[in-house]
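For this chain, numbers begin at 1 and follow the sequence in order. The structure displayed is predicted, hence computed values, not measured ones.
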Amino acid sequence: MRLLVVGAGAVGGYFGGRLAQAGRDVTFLVRNRRAAQLRERGLEIVSPHGDATISPKVVTRDQLSGSYDLILLAVKNHGLKTSLDDIAPAVGPDTLIFPALNGMHHLEELKAKFAVSNLLGGVCVVATTLDAQGRVVQLTGMQKLVYGELDGSRSLRIEAVDRALQGAGFEAQLSTHIVLDMWEKFVFIAALAGITCLLRGSVGEIAAAPRGRELALAMHDECVSVGKACGYEPRSQAIESVRAMLTQADSTLTSSMYRDLQKGAALEADAIVGEMCQRVETAGLRLPLLSAAYAQLAIFERRRAKSE
């Protein structure tokens with residue numbers, strides 16, 4: 001299977017790097033600066049599951065030709081529109097696009113650009129970042145890709161994708177309820193991003209603060225209520241797992257949005273916390289914590305944009 005990974009950052013660099021390390025036919029579509037860095041230093045992964053340096057196949061937009069079997073779309077939401085234009089030459093009638101983005105709105109943008117038959121649903125679970133040297137650094141042990149047909153069918157083509165992704169050094173799971181899986185991830189990441197950005201701390205720091213656990217659980221309750229209002233109430237196991245994770249004492253877990261905020265980088269606030277708020281404008285839900293987090297993040301983004 002010919003695989004194109006769009007972006008060699010924290011997410012694409014990790015999963016694409018592991019797939020290349022396992023011998024899969026992987027090409028990375030990146031910007032000129034990242035391409036030069038990868039050609040000079042290789043793709044470096046620092047991980048509790050084992051460090052690696054891979055000599056990747058790299059192309060830039062102007063070098064892209066021919067269609068691919070599978071495209072792993074691993075970019076931030078604010079880079080989605082440009083990336084969809086970039087990958088257009090690589091999308092043929094049988095190409096499958098696996099979006100590994102946060103939130104849900106990206107599905108609508110993909111459907112507006114490509115045929116629905118090109119699209120899969122996807123979830124990635126990993127905590128990674130790029131360090132100052134451009135290395136992909138894995139912060140915790142979790143590493144998982146979940147994928148499936150949007151209609152829940154178990155097709156021959158999704159089984160072929162499953163075979164290509166198995167045995168590459170991370171957990172790979174074919175799902176027949178991928179849209180619900182995506183919503184469960186959306187609820188989790190919005191709660192984690194919302195509370196860590198609102199209270200400016202890690203999960204452990206929040207749990208140790210006065211009423212911190214109560215606030216974290218209340219943030220999660222708001223996100224669950226949105227999923228329920230939209231017809232995708234998380235399953236009990238997912239709710240219990242997230243609540244335990246959000247209140248774990250001494251946990252160093254933070255959201256990628258909080259890490260970006262600390263760096264002064266562009267945020268996915270609109271696509272995660274903002275989308276969660278906007279999904280229920282007509283449902284009559286009160287979302288005080290999500291609304292406060294989104295307002296604060298919007299202020300940060302405006303200040304950042306003015307300083308550029």
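- Between R61 and D85, none of the side-chain N atoms (NZ, or NE/NH1/NH2) sits under 4.0 Å from a carboxylate O, so this pair counts as no salt bridge.
- A 4.5 Å side-chain heavy-atom check between L4 and L72 finds every atom pair outside the cut-off.
- Neither side chain, T95 nor N118, offers a donor N or O lying under 3.5 Å from an acceptor on the other.
- With values rounded to the nearest 0.5 angstrom, Q21 atom CD is found 6.5 Å from I45 atom CD1.
- Atom CZ in R259 sits 5.0 Å away from atom CG in L139 (nearest 0.5 Å).
- Under the 4.5 Å side-chain heavy-atom criterion for grouping Ile, Leu, Val, Met, Phe, Trp and Tyr, V179 is not connected to L145 through any hydrophobic cluster.
- A donor-acceptor pair shorter than 3.5 Å can be found between the side chains of H177 and S175.
- For the pairing with L3, the side chain to side chain contact (heavy atoms under 4.5 Å, CB included) check across D25, L19, I71 returns one residue only, L19.
- Taking 4.0 Å as the cut-off between side-chain N and carboxylate O, R243 and E240 do not count as a salt-bridged pair.
- Between the CZ atom in F15 and the SG atom in C124 there is a gap of 5.5 Å [rounded to 0.5 Å].
- Residues L289 and V273 fall within the same hydrophobic cluster, defined by Ile, Leu, Val, Met, Phe, Trp and Tyr side chains chained together at heavy-atom separations under 4.5 Å.
- For NZ of K306, the number of neighbouring non-hydrogen atoms (other residues, nucleotides, ligands) closer than 6.0 Å is 12 at most.
- The hydrophobic clustering, which links ILVMFWY residues whose side-chain heavy atoms are closer than 4.5 Å, places I87 and V26 apart.
- Using a 4.0 Å cut-off between charged nitrogen and carboxylate oxygen, R235 and E184 count as a salt-bridge pair.
- Residue L199 holds its CG atom at 5.0 Å from CD1 of I206, rounded to the nearest 0.5 Å.
- Atom CZ of R31 is separated from atom OG1 of T60 by 9.5 Å, given to the nearest 0.5 angstrom.
- For A160, the side-chain contact (heavy atoms from CB on, under 4.5 Å) criterion is met by M1, R163, not counting sequence neighbours.
- Checked for salt-bridge contact, K81 and D86 miss the test: no charged N lies under 4.0 Å from a carboxylate O.
- Grouping the Ile, Leu, Val, Met, Phe, Trp and Tyr side chains by contacts below 4.5 angstrom, directly or via other members, places V146 apart from Y14.
- Counting only heavy atoms from C-beta outward, the side chains of T129 and S256 never approach each other to under 4.5 Å.
- Within a 6.0 Å radius of CD in E40, other residues, nucleotides and ligands contribute 12 heavy atoms or fewer.
- At least one test fails for R18 against the ring of F170: distance under 6.0 Å to the centre or angle within 45° of the axis.
- With respect to E109 and K113, no salt bridge is recorded, no charged nitrogen being found less than 4.0 Å from a carboxylate O.
- Between Q138 and V46, the closest side-chain pair of non-hydrogen atoms is not below 4.5 Å.
- For Q63, the CD atom counts as densely surrounded, since its 6.0 Å shell holds more than 12 non-hydrogen atoms of other residues, nucleotides or ligands.
- Taking hydrophobic clusters as Ile, Leu, Val, Met, Phe, Trp and Tyr residues chained together by side-chain heavy-atom distances below 4.5 Å, L101 does not share a cluster with F98.
- The two residues G16 and V5 have their closest heavy-atom pair at CA-CG2, 4.0 Å.
- Note that the CZ atom of R157 and the CG atom of L70 stand 10.5 Å from one another [nearest 0.5 Å].
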